[in-house]
Amino acid sequence: MTPTGTLDALLVEERVFRPAPATVIEANVKPADLAEAYRLAEADHLAYWEKAALELEWHRKWDAVLDDGKAPFYRWFPGARTNIVHNALDRHVHIWTKNKLALIWEGEAGDCRKFTYFELYREVNRLAGALRALGVSRGDRVCLYMPPIPETVVAMLAAAKIGAVHVFVFAGYSAKFLRERLNDSKARVLVTADGFYRGGRCINLKAVVDEALPGVRGETAETVVVVRRTGDDIDMQEPRDLYYHDLLRQESPEAATEIMEAGDPLFWLHTSGTTGRPKAVVHNHGGYMVGASHTFRTVFDIKPTDIHFCTADPGWITGHTYGVYGPLLTGATVILYEGHPLYPQADRLPTIIERYGATIFYATPTLVRMLMRYGPQYPKKRDLSTLRLLGSVGEPLGPEAWMWFYKHIGRSNCPVLDTWWQTETGMAMISPMPISVLKPGSVGKALPGIAADVVDDKGQAVPPGQGGFLVVKKPWPAMLTTLEGDDAGYARDYWERIPGCYFAGDVARRDEDGYFWIQGRADDVLNIAGHRVGTAEVEAALCAHRLVTEAAVVGLPDKIKGEVAKAFVVAAPEWRAAFADADAFASELRAHVRRELGPIVVIKAVELRDTLPRTRSGKILRRKLRAEELGQALEGGTGEEE
Ligand code: WTA
């Protein structure tokens with residue numbers, strides 16, 4: 001393993017932005033509080049997190065803050081009992097937030113639905129009752145294949161409320177993906193929708209479900225609950241398929257909340273690793289709740305008057321943590337948008353900010369670069385004066401996009417919180433706070449209670465300015481508890497690469513001030529528009545094509561998406577008879593990958609080769625292909641010899 005030094009890593013960004021005095025005066029965490037937080041976390045790591053846990057309600061307190069007896073299977077708050085939904089929803093019904101807006105939803109056509117905490121609570125209870133009536137109980141999985149609509153939030157919370165585990169499959173994933181996730185999870189109930197609107201089109205989601213289901217095993221998906229969103233004609237198969245609204249009509253608006261052990265699973269979320277199959281990251285009720293709530297309150301500086309616009313789909317970790325749980329745990333109001341961010345034109349997101357008076361805008365670098373391409377005249381048309389904080393996540397933002405975001409969306413007076421974290425970390429780990437001095441392109445310092453560092457392959461800290469592996473040296477509450485069904489893989493992939501440290505899989509450097517600069521993945525994971533895609537997954541999909549013998553996939557830089565995939569393919573000789581030319585064959589392969597994996601995986605180019613470069617032990621030399629492609633010499637050997 002050799003960290004790859006990119007050109008970016010050598011450029012030194014010198015601009016700094018200091019917080020406005022008003023921001024400092026009004027912040028939840030003021031400079032003295034932050035200094036105290038670092039001091040406490042440094043002196044007593046567990047005391048810091050215990051204090052954070054005390055911000056929430058528990059049915060039984062913990063016997064210890066952390067049990068590390070079976071590390072790396074750390075148990076946070078052992079003995080404690082709660083349910084994240086008690087804190088996210090139930091308790092609001094007894095306090096002033098009861099009639100506050102919890103959720104503002106906007107459909108692509110401009111239709112809008114709003115839910116107060118009380119209304120959301122009642123809707124969740126109805127679905128919780130319905131799921132119970134369908135036989136779902138504690139520990140069972142409920143699979144969600146849902147677009148960004150209010151019922152998606154309802155379904156997550158209803159599953160959690162009855163102690164079931166939600167397994168979300170992003171609505172952009174293919175039937176094959178859905179089938180695999182269903183088989184993995186053995187979820188007896190699948191919640192989905194007839195369809196949704198995106199980019200001016202009506203996407204028929206139920207048709208994908210119908211394609212996926214014939215391949216599922218046993219009692220998996222014996223019931224499919226369908227939300228009527230578009231009202232389109234769909235196939236409803238009796239007795240398997242039930243309409244959500246029919247089901248809820250009979251249910252009571254009250255339902256008991258299952259009291260869970262802190263370590264009981266709340267959800268699984270699949271993400272791509274270096275192996276062919278995505279892995280299911282497991283998060284729990286207790287630690288995840290503490291991490292999501294604490295970071296949302298401190299990093300996003302949440303106040304009763306805030307309206308938080310999180311552009312992430314609820315099906316990603318960002319949607320889970322900062323689109324649903326974090327905001328509800330802190331009694332905030334969150335905006336969820338159904339459609340394409342540039343539909344019908346590039347001022348759509350600014351229009352949503354203006355319409356509801358959003359105060360926080362949490363987006364992705366790809367989105368910022370897309371807005372940049374259309375130019376500042378679009379945000380300029382809208383009144384964005386309600387905004388006070390901007391956030392970014394998912395991939396490196398870089399100084400240029402940072403400056404554009406700051407200037408044209410933030411009107412040069414909103415701090416940009418570039419938050420570094422992962423599906424596995426569950427919560428933001430490295431990020432500026434609103435009161436921080438900002439450096440464009442940097443994700444700032446590790447948050448209090450997060451022992452992040454940059455090390456070499458022996459685990460030794462590297463000097464400032466030098467690239468290395470990003471690691472976390474102490475456990476934190478919202479950490480993944482394991483990989484579902486693969487404890488050994490969890491220990492090996494995350495904790496044994498560099499013994500005693502959590503290995504994030506990213507390459508980063510730290511400057512003299514302790515600011516982190518993320519350079520990208522250290523492994524064979526691509527980051528296409530903020531979505532993790534394993535090269536092995538794409539290669540497996542390509543090899544599933546009858547005319548492909550071998551395939552290698554590498555990531556190449558892209559102006560908008562950050563990274564895109566290029567495939568090198570060794571084809572069976574019959575391809576010449578089947579296609580007019582290499583271009584026609586390449587488009588078929590691109591379409592094939594799209595069918596297999598969904599539209600997230602963008603293959604920019606396909607190149608046919610007679611052979612692929614390999615190590616002596618037979619591993620594909622992706623770094624060599626990539627270096628050739630970029631016209632670079634391969635430094636420090638291939639790094640793939642072992
Ligand atoms: C990358 C998203 C640069 C990183 C919450 C990480 C980032 C992967 C940033 C996790 C950031 C995330 N700057 N890179 N602010 N945030 N990443 O699991 O490579 O979808 O390992 O979680 O995205 O992606 P995931």
Side-chain angles (χ1 to χ4, degrees), residues 3-4 6 8-9 168 170 172-173 267-274 278-281 283 288 291-292 295-296 299 310-326 362-369 390-399 401-402 405 416-432 438-447 450 452 454 469-472 478-480 483 493-494 502-510 515-534 555 561-563 600:
T4 41
T6 63
D8 223 24
F168 207 124
F170 169 62
Y173 279 136
F267 65 84
W268 304 355
L269 201 55
H270 290 80
T271 190
S272 295
T274 38
K279 45 201 183 184
V281 167
H283 282 290
Y288 174 79
T295 50
F296 194 64
V299 177
C310 174
T311 61
D313 189 288
W316 302 117
I317 190 68
T318 305
H320 277 48
T321 304
Y322 298 120
V324 177
Y325 287 114
Y362 194 29
T364 62
T366 290
L367 206 57
V368 174
R369 291 188 296 259
L390 301 177
S392 171
V393 64
E395 26 159 352
L397 182 58
W402 194 102
F405 198 26
V416 175
L417 309 173
D418 187 353
T419 57
W420 178 88
W421 57 295
Q422 307 178 293
T423 305
E424 293 87 339
T425 68
M427 66 186 223
M429 304 286 279
I430 307 177
S431 171
L438 304 169
K439 301 187 186 188
S442 165
V443 293
K445 297 185 189 180
L447 293 173
I450 300 302
V454 178
F469 298 111
L470 182 54
V471 296
V472 187
M479 60 188 286
L480 74 165
L483 295 176
D493 291 356
Y494 297 108
Y502 168 81
F503 183 81
D506 277 17
V507 185
R509 71 181 159 87
R510 205 147 61 146
Y515 279 54
F516 286 80
W517 302 74
I518 309 292
Q519 265 112 51
R521 297 288 304 189
D523 51 14
D524 290 323
V525 174
L526 310 182
N527 191 333
I528 303 178
H531 304 316
R532 276 161 68 171
V533 178
K561 292 178 186 295
E563 194 167 38
I600 296 165

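All figures in this text were calculated on a predicted structure; none of them were measured in a lab. What you see below is based on every heavy atom in this structure, not just the backbone, and it leaves out hydrogens, waters and symmetry mates. For ligands, and for the atoms within them, numbers begin at 1 and follow the listed sequence.
Between atom 3 (C) of ligand 1 and the options Gly444, Pro365, Pro396, the minimum heavy-atom separation is to Pro396. Checking Leu397, Thr364, Asp506 against atom 6 (C) of ligand 1, the nearest heavy atom belongs to Asp506. Remark: among candidates Asp418, Thr423, Ile518, the nearest residue to atom 18 (O) of ligand 1 is Thr423, based on non-hydrogen atoms.
Here the CG-NZ distance, from Leu480 to Lys279, works out to 9.0 Å after rounding to the nearest 0.5 Å. For the atom pair CG (Asp313) and CZ (Phe170), the distance works out to 5.0 Å, reported to the nearest 0.5 Å. Interatomic distance, CG of Asp418 versus NZ of Lys439, reported as 14.0 Å (0.5 Å rounding).
For the pair Glu395 and ligand 1, the shortest N or O to N or O distance falls below 3.5 Å. Inclusion of Gly520 in the set of residues having an N or O under 3.5 Å from an N or O of ligand 1 is not warranted. The shortest N or O to N or O distance between Arg521 and ligand 1 is below 3.5 Å.
His283 and Phe267 have tilted rings, their planes meeting at an angle from 30° to 60° on a 0 to 90° scale.
For ligand 1, the atoms lying closer than 4.0 Å to a non-hydrogen atom of Val393 are 5 (C), 16 (N). Every atom of ligand 1 with a heavy atom of Thr318 under 4.0 Å away is listed here by number and element: 5 (C). The Ile317 neighbourhood of ligand 1 comprises atoms 2 (C), 5 (C), 22 (O), with distances under 4.0 Å to a heavy atom of that residue. Set against the non-hydrogen atoms of Gly394, the atoms of ligand 1 under 4.0 Å away are 1 (C), 7 (C), 9 (C), 12 (C), 16 (N), 17 (N), 23 (O). Atoms of ligand 1 lying under 4.0 Å from any heavy atom of Val443, numbered from 1 in the order shown and given with element: 13 (N), 15 (N). Listed by atom number, the atoms of ligand 1 under 4.0 Å from Asn527 heavy atoms are 1 (C), 23 (O).
Between Phe469 and Phe503, the distance separating the two ring centers is shorter than 6.0 angstrom.
Checked by atom type, the side-chain pair Glu424/Thr271 shows no donor-acceptor distance below 3.5 Å. Side-chain N/O atoms of Thr419 and Tyr322 include no donor and acceptor closer than 3.5 Å.
Closest protein heavy atom to atom 12 (C) of ligand 1: Trp421 O, 3.3 Å. Nearest protein heavy-atom neighbour of atom 8 (C) of ligand 1: Arg532 CD, 4.1 Å.
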Practice task
Run the numbers on Arg510 and Tyr515 for side chain to side chain contact (heavy atoms under 4.5 Å, CB included), then give the verdict.
Solution key: CA-CA 5 Å; Arg510 205 147 61 146; Tyr515 279 54; 5.9 Å; no
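When all heavy atoms of Met429 and Trp421 are compared, the closest pair comes out as N-CB, 3.9 Å.
Taking 4.0 Å as the cut-off, Gly505 does not count as a neighbour of ligand 1 on heavy-atom distance.
Formation of a donor-acceptor pair under 3.5 Å by the Arg532 side chain with backbone atoms of Ser272 is found in this model.
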